[in-house]
Number of protein chains: 2
Amino acid sequence: MAGSPKSPNALLHGALDALILKVLSRGPSHGYAVARFIEEATGDALLVEEGSLYPALYRLERRGWVEAEWGTSELGRRAKLYRLTAAGRTQLDQEVATWRQFSTGVSKVLFAS
Amino acid sequence: MAGSPKSPNALLHGALDALILKVLSRGPSHGYAVARFIEEATGDALLVEEGSLYPALYRLERRGWVEAEWGTSELGRRAKLYRLTAAGRTQLDQEVATWRQFSTGVSKVLFAS
DNA sequence: TGGCATTACCTAGACGATCTAGGTAATGGC
DNA sequence: GCCATTACCTAGATCGTCTAGGTAATGCCA
């Protein structure tokens, strides 16, 4: 009974953009590497599925927060390299601030005595 | 340009259930009061719209995590009182743990040097 | 008496985002 | 020759929030 068929990562909703932007703020990268970075950095606590990743990257590009260019990965393979734009950096700051407010609020309620 | 027409609280996705369960763990309450409590507890950082609140309560009831009963509010008005079930308490514990993992992960990425 | 804010609930449809589950293609180890 | 890995792409299902409407009762105030 306990296992309800719920979306495995509903919480990711709205936070993924900020995560991607943050990773790209460390320097240009390609989608696959962004996902691997997030997973590794969180000890697999956050899994980024490709069906969420690529649509998110197109979304960010469409909004002018990242720019894409074909190039090669560290392993010498064909890869689309994403780079944070100036607007993207502004957006990142804002999303970080929003996240801080939100998570503080949730914690206030969830961890109240 | 900066203002994109984004859903005001996409982050709430997946966290609302936990918030409601937590508020109800303090004792039975009605929907309207739950929303007011969350808003007041977070200094209006978290706004719970009624169009999210009531569907969420039905969802929780359908899953057996809360039980509803008609009664009266503190102001003597007709109100539907929700009470946490045993299954709801278990679910709350699990959702709090999930939230902790998730928010820790996001913070690791967003607040990394 | 009338008007209005507040309390309290309800709901249809729009919208947005993740996930499932498939696919392509090239590389390199065994 | 086979298979895991790297790397990208996408349609459709699914789920949850929000918009924007609605009902109804109470109590204040002019």
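Throughout, protein chains are lettered first and strands after them, A, B, ... in sequence-line order, and every chain is numbered starting at 1.
- The side chain of Trp70(A) approaches dC9(D) more closely than any other nucleotide in the set dT18(C), dC10(C), dC9(D).
- For the pair Arg36(A) and Tyr32(A), the cation-pi criterion (under 6.0 Å, within 45° of the ring axis) is fulfilled.
- Remark: P of dT17(D) and CD1 of Ile38(B) are 11 Å apart, rounded to the nearest angstrom.
- Taking atom CG of Leu11(A) as the reference point, atom P of dT18(C) lies 12 Å away to the nearest angstrom.
- At whole-Å resolution of the value, CD in Glu69(B) and C1' in dC9(C) are 17 Å apart.
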Exercise. Apply the test side chain to side chain contact (heavy atoms under 4.5 Å, CB included) to residues His30(A) and Arg77(A): give CA-CA distance (whole Å), side-chain angles for both, the deciding distance (0.1 Å), then the verdict.
Key: CA-CA 11 Å; His30(A) 59 283; Arg77(A) 303 199 179 197; over 6 Å; no
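- His30(A) has a side-chain polar atom (N or O) that falls below the 4.0 Å cut-off from OP1 or OP2 of dA7(D).
- If you check dG16(D), dT10(D), dA17(C) against the side chain of Arg59(A), the one that comes closest is dA17(C).
- The stretch residues 48-55 of chain B touches DNA chain C through Glu50(B), Gly51(B), Tyr54(B), each having a heavy atom under 4.0 angstrom from the strand.
- Between the C1' atom of dT5(D) and the CD atom of Glu74(A) lies a distance of 13 Å, rounded to the nearest Å.
- Backbone-only engagement by Gly31(B) is indicated by non-hydrogen atom pairs under 4.0 Å involving sugar-phosphate atoms exclusively.
- Of the residues near DNA chain C, Leu47(A) and Leu81(B), the one whose nearest nucleotide (by heavy atom distance) lies more toward the 5' end is Leu81(B).
- Residue Arg62(B) has no polar side-chain atom (N or O) positioned under 4.0 Å from OP1 or OP2 of dG16(D).
- One finds the NZ atom of Lys80(A) at 5.0 Å from the CH2 atom of Trp70(A) (value rounded to the nearest 0.5 Å).
- The distance between atom CG of Leu75(A) and atom C1' of dA4(D), rounded to the nearest whole Å, is 14 Å.
- For a distance-only test at 3.5 Å, the side chain of Arg78(B) fails to qualify as a donor-acceptor partner of the base of dA8(C).
- Between Leu92(A) and Lys22(A) the shortest side-chain heavy-atom distance falls below 4.5 Å.
- For the pair Arg63(B) and Tyr58(B), the cation does not sit on the ring face, since its NZ or CZ is not both under 6.0 Å from the ring centre and inside 45° of the axis.
- Among dT18(C), dG16(D), dC10(C), the nucleotide with an atom closest to any side-chain atom of His13(B) is dG16(D).
- Residue Leu12(A) has its side chain nearest to dC19(C) when only dC10(C), dG16(C), dC19(C) are considered.
- Side-chain N/O atoms of Arg77(B) and base N/O atoms of dA8(C) include no donor-acceptor pair closer than 3.5 Å.
- A donor-acceptor pair under 3.5 Å links the side-chain atoms of Glu39(B) to the main chain of Val48(B), judged by distance alone.
- Counting to the nearest Å, the P atom of dT18(C) and the CG atom of Leu46(A) are 12 Å from each other.
- The interatomic distance linking Asn9(B) (CG) with dA17(C) (P) rounds to 13 Å, in whole Å.
- OP1 or OP2 of dC8(D) has not a single side-chain nitrogen or oxygen of Tyr32(A) nearer than 4.0 Å.
- Computed from coordinates, the Ile20(B) CD1 to dT17(D) C1' distance equals 12 Å when rounded to whole Å.
- With contacts defined as side-chain heavy-atom distances shorter than 4.5 Å, the pair Val66(B)/Arg83(B) does not qualify.
- Using bins of under 30°, 30° to 60° and over 60° for the plane-to-plane angle, the ring pair Phe102(A)/Trp99(B) lands in the perpendicular bin.
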